[in-house]
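One structure below.
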Amino acid sequence: MNEEERVITEETSETAAETNAETETATEASAEPTEEVKETAEETDAEEAAEAGAGETEEASAAPEALAETMADYDDAITASMKPIHEGDILKGTVIGISDEELTVDLGIYTDGVVRLADASDDPDFSFHDFEVGQEISATVIRRDNAQGRIQLSLKAAAAVLGWERLQQLEKDQSNITVKISEAVKSGVTAYVEGIRGFIPASKLSLSYVENLDEYVGREIEVRVITAEPENKRLVLSARDILREKEQEERKQRISNVEVGLVTEGTVETLKDYGAFIDLGKGMSGLLHVSQISQQRIKHPGVVLKEGQKVKVKVIGVKDGKISLSMKALEDVQAQEVEEETYKMPKAEAATTSFASLLKNIKL
């Protein structure tokens, strides 16, 4: 190798070495981040770690609470299902099955309950189809395990306890209830309330005398409990008070529409020392005071009137649901009309002509 070639080779080697040195420096620079970048990365990692830790902490704290609630509910269900059942216990349940012959009830325990038709009611018109799925009922345990492994229940037995309690409350509150008449018996009719047979006397069935009680069988009417004695198994109902209240309300409404000055005809209902009561029709009556019967002074209404007599009267007052009547006011009107007709003055022209004719033949 000559001198020139040796010089070229050394220069080339030096250049390559410098290039390699620069490459290594750049590589080291890119591999090691700056202090600022390191700090930013560390802060970001710390925040993410904190958030992750917080989330895990919340989940960890919420989980035991939710688990505790679930376990509590589960414990309640277990406790309820393991509750010992005895004959005579009154249980609450939800109807889950209905057929012609029985009612299936979810009691929330290890098995279902069943009510047979014979254990439901003494009412001959009773039907399980009056119930609805999802309806809550109370029934008495009469057998803990029947042939199908279910608890046998009785609505009739429960009514003997709970039914009388409700009937006594109805008597206290004087609440209206609707019943269906089952049969006509001597001196009244019967109906069932809460599965318990009640009696409605004929005198409490209507405002007037009921001649044919059979006409009420199958009819629904509103009644109130007037006697509820569980110890004697005595239940007495009445519709009369409700009917009387409705009649009085309707009467007040009709009376409020009566105007003072009305002239009408009525029938003498009863005679009293102080006057007569006049039937005006539509359930309305008014008092004809003794002082309003005649222009002449009379001691007793019977001097002029008798029961059943038709009379013409004028309404002279309506107050507090009471109507005051007068026959005397009509006599005053008639007398005034007669007086006006009797003393009617002739026209001036006719009077003048008549007076001239009287003087015509007089000589002075």
Side-chain angles (χ1 to χ4, degrees), residues 115-131 137-140 154-254 267-272 277-285 307-308 321:
V115 182
R116 298 182 307 175
L117 190 59
D119 300 318
S121 176
D122 290 326
D123 185 352
D125 296 326
F126 179 86
S127 171
F128 282 131
H129 293 286
D130 293 332
F131 289 79
I137 64 169
S138 295
T140 300
S154 172
L155 293 175
K156 203 160 44 172
V161 179
L162 302 179
W164 280 109
E165 289 179 359
R166 180 168 184 260
L167 290 170
Q168 288 179 314
Q169 189 63 45
L170 288 172
E171 179 187 9
K172 180 180 179 181
D173 298 339
Q174 284 297 283
S175 303
N176 296 354
I177 55 175
T178 301
V179 299
K180 185 177 181 180
I181 305 301
S182 298
E183 61 178 339
V185 295
K186 183 179 179 180
S187 69
V189 297
T190 64
Y192 285 83
V193 185
E194 298 292 326
I196 298 171
R197 186 173 182 264
F199 176 65
I200 308 174
S203 61
K204 300 292 185 180
L205 195 57
S206 174
L207 292 175
S208 57
Y209 174 74
V210 179
E211 185 173 355
N212 186 4
L213 293 172
D214 290 328
E215 292 179 352
Y216 278 82
V217 176
R219 186 187 301 182
E220 289 189 347
I221 63 172
E222 271 193 308
V223 297
R224 286 178 185 161
V225 177
I226 58 175
T227 303
E229 299 176 351
E231 62 277 7
N232 299 320
K233 295 184 178 180
R234 184 167 180 259
L235 175 62
V236 183
L237 311 171
S238 173
R240 186 179 179 87
D241 293 340
I242 299 174
L243 295 173
R244 182 182 288 112
E245 289 174 4
K246 288 183 177 180
E247 182 186 57
Q248 290 174 348
E249 187 61 34
E250 292 172 358
R251 179 176 177 272
K252 287 180 181 179
Q253 185 62 37
R254 288 193 294 268
T267 304
V268 178
E269 282 185 313
T270 55
L271 298 176
K272 303 291 182 181
F277 285 97
I278 311 299
D279 179 10
L280 302 174
K282 297 182 179 180
M284 294 187 297
S285 63
E307 293 183 2

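All values derive from a computational prediction rather than experimental measurement.
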Give the minimum heavy-atom separation between Ala202 and Val210, together with the two atoms involved. O-CG2, 4.4 Å
Heavy-atom closest pair, residues Phe277 and Lys272: CE1-CG, 4.1 Å
If you measure from [atom1] on [X] to [atom2] on [Y], what distance do you get to the nearest 0.5 Å?
| X | Y | atom1 | atom2 | answer |
| --- | --- | --- | --- | --- |
| Gln248 | Glu250 | CD | CD | 11.0 Å |
| Ser121 | Ile196 | OG | CD1 | 9.5 Å |
| Ser175 | Gln169 | OG | CD | 8.0 Å |
| Ser285 | Leu280 | OG | CG | 7.0 Å |
| Phe199 | Leu237 | CZ | CG | 10.0 Å |
| Leu205 | Ile181 | CG | CD1 | 6.0 Å |

Side chains of [X] and [Y] in contact at under 4.5 Å (non-hydrogen atoms):
| X | Y | result |
| --- | --- | --- |
| Leu207 | Arg240 | yes |
| Phe131 | Leu155 | yes |
| Ile221 | Ile200 | yes |
| Val217 | Val189 | no |

Residue pairs meeting side-chain hydrogen bond (donor to acceptor under 3.5 Å, both in side chains), one or both in residues 189-207, sequence neighbours left out, come to Arg166-Glu194, Glu183-Arg197
Any side-chain hydrogen bond (donor to acceptor under 3.5 Å, both in side chains) pairs touching residues 222-234, not counting sequence neighbours?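 Those involving residues 222-234 are Asn176-Arg224, Glu222-Lys246, Arg224-Glu245, Glu229-Asn232.
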Look at the side chain of [X] and the backbone N and O of [Y], then say whether any donor-acceptor pair between them is shorter than 3.5 Å.
| X | Y | value |
| --- | --- | --- |
| Thr140 | Ala158 | yes |
| Thr267 | Asp279 | no |
| Arg254 | Met284 | no |

Could you tell me which residues satisfy salt bridge (charged side-chain N to carboxylate O under 4.0 Å, His left out) with Arg244, sequence neighbours excluded, listed by chain and number?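 With sequence neighbours excluded, Arg244 shows a salt bridge (charged side-chain N to carboxylate O under 4.0 Å, His left out) to Asp241, given in chain and number order.
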